[in-house]
Amino acid sequence: MPILKEGQLEVISYSAEQTQRLGARLGTLLQPGDLVCLSGDLGAGKTVFAAGIGKGWGASTLLTSPTFSLIHVHEREADQQKLYHLDCYRLEGPADADNIGLDDVLIGNGPLVFEWPERIKAALPAERLWIDLRVLETTRRLFNFQAAGPRALALLEAFRGSANG
Ligand SMILES: Nc1ncnc2c1ncn2[C@@H]1O[C@H](COP(=O)(O)OP(=O)(O)O)[C@@H](O)[C@H]1O
Ligand SMILES: [Mg+2]
C-alpha cells in the first residue's frame, strides 16, 4: 500500500469481497467514540465496507443499509458496546442533524459509521476518519483515507500496519 503522507492512505479494491475484508480490518481496530465517514456515490461500496466493519468489530447482527431508518444500532455480546451505523442520504443539511439526535448519537457508547456524511458535514466533529470511495470500473474502487485528529491518525496508522500483518 503506497504511503502518500501521514494521515492519508489510498487503497484500491478489486472486488466487493476485498472491500468487506478492508472494512473488517478497520472494524477490529475501532474504539468507542471513533467516527468513520464513508463518502461516495450511490453504489460505490459504502454499505459493503460498513458491513465489513461490523464483522471485524464483532456485531451480532449484519450491517445493512439504514437508508430508510437513518440509523441502525448494533451490539456485540462481549462487552455490550454499541456500533452506530447512519445513512444521511435523506438529510438536506446540518440543520437536519437535529432530526437524528446527532448530539446524543455522538456521545454514544461505541464507534460511529456514517454513510453520506457530506450531507451534514458542518455538523460533524472535525476529528474523524474520512474515507472517500470512488468507482473506477465495474468492480474496481479507489479508497482515499484521510485522518483528522490524534485518535483518527493512530487508527489509520494501525490500519496501515495491519495490512502487512
Ligand atoms: N470493489 C468493490 N467494492 C465494493 N462493492 C463492489 C465492488 N465491486 C462491485 N461492487 C458492488 O457494488 C455495490 C456496492 O453497493 P453498496 O455498498 O450498497 O453501495 P453504497 O452503500 O455506496 O451505495 C454492491 O452491489 C457490490 O457488490
Ligand atoms: Mg449504502
What distance separates [X] [atom1] from [Y] [atom2], expressed to the nearest 0.5 Å?
X: T67; Y: E115; atom1: OG1; atom2: CD; result: 6.5 Å
X: F114; Y: K121; atom1: CZ; atom2: NZ; result: 14.0 Å
X: T19; Y: R140; atom1: OG1; atom2: CZ; result: 12.5 Å
X: H72; Y: H85; atom1: NE2; atom2: NE2; result: 8.0 Å

Considering all heavy atoms of both residues, which atom of [X] and which atom of [Y] are nearest to each other, and what is their separation?
X: V48; Y: A16; value: CG1-O, 3.4 Å
X: T47; Y: T64; value: CG2-C, 4.1 Å
X: C88; Y: I120; value: SG-CD1, 3.8 Å
X: Q8; Y: L156; value: N-CD2, 3.6 Å
X: L102; Y: A123; value: CD2-O, 3.5 Å
X: L63; Y: G54; value: CD1-CA, 3.6 Å

Indicate yes or no for a side-chain donor-acceptor contact from [X] to the backbone of [Y] under 3.5 Å, with no hydrogens or angles considered.
X: R119; Y: R90; value: no
X: R141; Y: T138; value: yes
X: R151; Y: D34; value: no
X: S60; Y: E75; value: yes
X: K46; Y: W116; value: no

So [Y] and [X], do their side chains get closer than 4.5 Å, heavy atoms only?
X: R21; Y: Q18; result: yes
X: Q146; Y: D132; result: yes
X: C37; Y: L35; result: yes
X: I53; Y: L83; result: yes
X: N144; Y: R134; result: no
X: S65; Y: D87; result: yes
X: F159; Y: L22; result: yes
X: L26; Y: I131; result: yes

For the hydrophobic clusters of this structure (ILVMFWY residues joined by side-chain heavy atoms under 4.5 Å, transitively), does one cluster hold both [X] and [Y]?
X: V11; Y: L29; value: yes
X: L133; Y: L136; value: no
X: L106; Y: I71; value: yes
X: L86; Y: Y89; value: no
X: L124; Y: V105; value: yes

>> Do S39 and E118 pair up side chain to side chain, a donor and an acceptor below 3.5 Å, judged on atom types alone?
In response: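 Judged by distance alone, the side chains do pair up.
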> Parallel under 30°, tilted from 30 to 60°, perpendicular over 60°: which one fits the rings of F143 and F49?
Replying inline: tilted
